[in-house]
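The basis for the numbers below is simple: all heavy atoms, side chains too, and nothing from hydrogens, waters or symmetry mates.
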Amino acid sequence: MNNIYETLNDMQQLAVYHTEGPLLILAGAGSGKTRVLTHRIAYLIEEKHVQPYNIMAITFTNKAAGEMRERVNKIVGFGAEQVWVSTFHSACVRILRRYIDRIGYSNDFTIYDTEDQKKLLKDVIKNLNLDPKMYKENAVLGKISDFKNKLVTTGEVAQMAQSDFKLLNLSKIYNNYQEALKKNNALDFDDLIMKTVHLFRKCPEVLESYQERLKYIMVDEYQDTNGAQFAFIKLLASKYQNLCVVGDDDQSIYKFRGADISNILQFEKNFNNARVVKLEQNYRSTKTILDAANEVIHNNKGRKDKTLWSDNEQGEKIDLYQAEDAYAEADMVASTIKENVDFGRADYSDYAILYRTNAQSRALEEKLLLRNIPYKIIGGQNFYQRKEIKDVLAYLRIICNATDDIAVERIINVPKRGIGATTVTKAKDFARAYGFNLYESLLEVENIPGLERAATKVRKFTDLIENFKDQQQSMSLKELVNEVLNETGYVAELAAENTDEANGRIENIDELITKVTEYEENTDNPSLAEFLEEVALVSEIDNLDEDSSYVVLMTVHSAKGLEFPNVFLCGMEDGLFPGYMSIMSDDPEELEEERRLCYVAITRAMKHLTISYAKRRMVRGETQYNIISRFVKEIPMSLVNSKNVKDRVAAGFEKKPSFSGFGGYEGSLNHGGSGYLGSSYGGSRNFAANEHKNAYRTMAKKPAYGNPSTKPGFGKQFVVTKADIDYGVGDRVHHTKFGDGTVLGVEDGPRDYQVTVEFDTAGQKVMMASFAKLKKL
DNA sequence: TGGTAAGTAACCAAG
DNA sequence: TTACTTACCA
C-alpha cells in the first residue's frame, strides 16, 4: 500500500479506511479534516478502485471545492477531475438544468439574488393589497426562506394557518411569490435545493440515476446544513448508504439561515450503523490559543463533549488591547501589522483581521489605507451586486430569458430613455390583467391603454432588446457585452458624468468584460446562460487568494474554514460580540451560537492572537459605551497579556485624543517577534516589504468606490490571473521605486510569477510580478 | 417625467 | 452614518 496514508494519525486513518456505510467524522478545529477528506477520496480511487465518477464531495464554498479538487488531483493524478466536487447550490443547479422541466419549470431558468427577491416580493405584497409596514420585505423573506429550508410548501403553510390571520396572509404571500418566480422563470437560492428535492421525490428515475452515479458521498461542514440539504443528501445516499459527513457541532454558526444542528447531533439516529470517528488533535494553533478556545467553548451547555489538544508549542500569550474608540483600535491594528512587516517579522498575508459585523471594516480600512498597507475586504458588497454590474447583467439576463420581469424593470429606463414609473406601472397592470410577462406586454405597447404617448419610447426599447437577441447567435459573449454597452449608451452616460464615482463604475464594467473574456476562454462550450449562472453563485470568499501579499479583513462567519498565522479579533464588546440581540434573547441558544462563533474566531489563529475592544463606538450615528465581551472574560488571565499593551496605549492616548496617527505606542507592540520567524511560513516569504508598499501606493489612493483592493474572481473554474508580463530574463526593466534594473530570473508560481531583478542602485530584489508592475525598457 | 431636498428606517451574520 | 423613500417643483 502506498504510504501516503501513514502520514495520518490513527483516528484520521480510521476515517479514511472506513469507506462503506455511513460515517460521521467529528472534526475539531484544525484537526486536518480536509486532509482526511482528500486522502479518503484518494483511497477510494486508488485502493478501493472506485471510479472517480462515482464520488461526490460537497463543500461549503466554491473556493473550498476548488482547493479540494486541486489537492485530490495532486494525490491521485489521473482521473481525479471526474470526482464531482461542488457546493450544494452548484450541484443542484446542475441537476435542475437537466431535469427541472419534469416538475414544470423551464430549463433555462434564471437565479435570483436577494435584491431580485426583494423587488419581486414587494410587488407581490402590493398586489395583495397588504400593508407593507406590517409585512416587511426582510422579515417576510426570512420566513419564506425558513419555510423553504424546511421544505414546507405553500399549501402546508396555508393549512397550518387555519384562523391565524397573519400566517394566512403570509401563506398568500409565499404562494404568490412562488408563482411570480415561476412566471419569471426564476428560482431563488433556497429554491435551488428545495426544487431538487422535489424533483427527486417526484421523479424516482432521476433520483435513481444519481444514486447509481454517486455511490460515495462526502459532505463537509455538515454542522451547517439545513433541512433541505439534509433531505437532498439523505435521498442521494439512501441506496448505497456510503455517506461520510464531516463537521464540528462547536462550529455551527449558521442557525440564522436555517442550519439545523440536529443534522449532526442526530446523525447516528438518521443513519443506521453509522460509525463515528472523532478527530481531536489540533495541528493548527499553539497551546495557548487552543486553551483559550477550549475554555470559552466549555461554557456552552448543548454540545458533544470533547477537548481539542495539541502537540504544538505553547506559543505566545494572547494580546488584549483596550482602545478608546474604533479608530484607535484600527490604528493599533494597522500600526502593529506595519511594524512587524517592516521589520521582516511577517508578511502581510500572514494577517487576518476579523470582526463580527461588516460595518466594522470601515475604520479598519481607513487606517490601513493611511499606512499604505495592502488589504482586501471579504464580504460586504459582492462585485456582482454592484449597481452597474447588475445593470449590465440585467440586459444579458433579458437576452437569455425575456420572461425575467425583474431584470426588465431594472433597466427599462437605464440609461434614461424617458420611460417613467407611471409607464412601467401601466404596463405591469396590463401584463397582470392578461397574464403576460412584463416584456411580452411591452411588445404590445400600442394596445396598452394610456400609453399612447410613451409607446414610441417603449418600442425603441423592445427593438433594442430584440436586436440583441438576434445578434446573440452570431456573436461571442464578449462582443455581445460590448454591443450592449455601446448600443445602450450605458458607458457613454457614465463617461459624461466624469465623476470619481462614475469612473469607478466604468472600471468595474471593464472588469466585467475581463471576466466574460476569461470565462469564454476557459470554458469548453461557453454560453450566456452558464455564465450568468456562475456569476450568480460566486461568493465573496471565493475571491480570497492566500498567496497574494495582503491583509484580509472579514467577518468571523466568512473566516470559517480558514487559518492565519496572526489574527486580530476586533470589537470584542458586549453588545457587538456577542451581539445585542443574542444578549437580550430569551433563547439561551442564541448566546451559545455567538459563543461558537467566538470559538471559530479564536481557532482561526495559528501563532498569535490579538483581541481588542473599544470603550466607545459609533453605531448608526450614535455613540455606544460597551464593556469588554463576556467571552473574553472566559479566557483565563494566565493566557493573556494585557497590561503592557494597555498602559502604553493609554499613555499614547493622553497626548493625542483625536483620530489622527498616534505615535505614542508605535514600536511597542512587537508580538510575533522572533518567535515564529523560523517556522514554516516565515522563511518562505522573503521578499522585502517595501515593494508591496510601493506597489499598492496607487491602489491606496483610489477611492473606496469600485474598491480596487477587492479584485473579484470566479470560483473554481478560473485560474487566478497571473500578471501579464512582457519581459523575460536579461531584459532591462523599470520599477517605480527602485529604478532601472536587469531581470535575473522569472519563476512561474502557481498564482503569479516571481521575478528576481538586479537593480542598478537598489540591489537585488525578488518580487511578485503582479505587485511589482515592472515596465520593460 | 426627472431632479432635488427633506425625512426615516436600518445592520447581525450569507448563498 | 448611510441608503432609501416620499414630497415637491421645473
Worksheet, complete the sentence: Residue pair Lys136(A)/Thr555(A) against DNA chain B: nearer the 5' end by closest nucleotide is Lys136(A)
Worksheet item: Atom CD1 of Ile378(A) and atom C1' of dA14(B): how far apart are they, to the nearest Å?
Response: 13 Å
Response to the item:
Comparing nearest nucleotides in DNA chain B, the 5'-proximal residue of the pair Lys118(A), Ala536(A) is Lys118(A)
Worksheet item: Quick one: is Asn62(A) getting a side-chain N or O under 4.0 Å of the dG15(B) phosphate, OP1 or OP2?
Response: no
Worksheet item: Can you pull the ring-ring contact (aromatic ring centres under 6.0 Å, His included) pairs that have at least one residue in residues 107-129 of chain A, sequence neighbours excluded?
Response: none
Worksheet item: What is the distance from atom CD of Gln178(A) to atom CD1 of Ile144(A), rounded to the nearest 0.5 Å?
Response: 7.0 Å
Worksheet item: Can a side chain N or O of Ser558(A) be found less than 4.0 Å away from OP1 or OP2 on dA14(B)?
Response: yes
Worksheet item: Would one find a side-chain N or O of Asn138(A) under 4.0 angstrom from OP1 or OP2 of dC11(B)?
Response: yes
Fill in: Lys118(A), Lys390(A), Gln385(A) screened by side-chain hydrogen bond (donor to acceptor under 3.5 Å, both in side chains) with Asp113(A), the one that passes
Lys390(A)
Practice prompt. Would you please test Ile297(A) and Arg596(A) for side-chain contact (heavy atoms from CB on, under 4.5 Å) and show each step?
Written response: CA-CA 7 Å; Ile297(A) 200 68; Arg596(A) 289 195 291 271; 4.0 Å; yes
Worksheet item: Which pairs with one or both residues in residues 414-428 of chain A pass salt bridge (charged side-chain N to carboxylate O under 4.0 Å, His left out), sequence neighbours excluded?
Response: Asp123(A)-Lys428(A), Glu409(A)-Lys428(A)
Worksheet, complete the sentence: Within residues 187-194 of chain A, the residues having a heavy atom closer than 4.0 Å to DNA chain B are Phe189(A), Asp190(A)
Check residues 624-632 of chain A and write down every donor-acceptor pair under 3.5 Å in which the side-chain atom is one partner and the other belongs to a residue at least two apart or another chain.
unit_1: Gln624(A); atom_1: OE1; unit_2: Asn626(A); atom_2: ND2; d: 3.4
unit_1: Asn626(A); atom_1: ND2; unit_2: Glu573(A); atom_2: OE1; d: 3.1
unit_1: Ser629(A); atom_1: OG; unit_2: Phe577(A); atom_2: O; d: 2.9
unit_1: Ser629(A); atom_1: OG; unit_2: Phe631(A); atom_2: N; d: 3.0
unit_1: Arg630(A); atom_1: NE; unit_2: Asp574(A); atom_2: OD1; d: 3.4
unit_1: Arg630(A); atom_1: NE; unit_2: Asp574(A); atom_2: OD2; d: 2.9
unit_1: Arg630(A); atom_1: NH2; unit_2: Asp574(A); atom_2: OD2; d: 2.8

When you compare the protein's N or O atoms with those of nucleotides 1-9 of chain C, which come within less than 3.5 Å of each other, and at what distance?
unit_1: dT5(C); atom_1: OP1; unit_2: Lys122(A); atom_2: NZ; d: 3.3

Worksheet, complete the sentence: Annotated structure of DNA chain B as dot-bracket, pair cut-off 3.5 Å, Watson-Crick or G-U only, | for inter-strand, is ||||||||||.....
Discussion item. Run His557(A) and Phe256(A) through ring-ring contact (aromatic ring centres under 6.0 Å, His included) and show every step you take.
Written reply: CA-CA 12 Å; His557(A) 280 92; Phe256(A) 74 92; 5.6 Å; yes
Worksheet item: Atom CD1 of Ile583(A) and atom P of dC12(B): how far apart are they, to the nearest Å?
Response: 13 Å
Worksheet entry | No-H, no-angle donor-acceptor pair, Arg356(A) side chain to dA13(B) base, under 3.5 Å | yes
Fill in: Test item: Leu187(A) and Ile100(A) side chains (from C-beta on) under 4.5 Å apart, heavy atoms
yes
Worksheet item: Is any side-chain heavy atom of Cys400(A) closer than 4.5 Å to a side-chain heavy atom of Leu396(A)?
Response: no
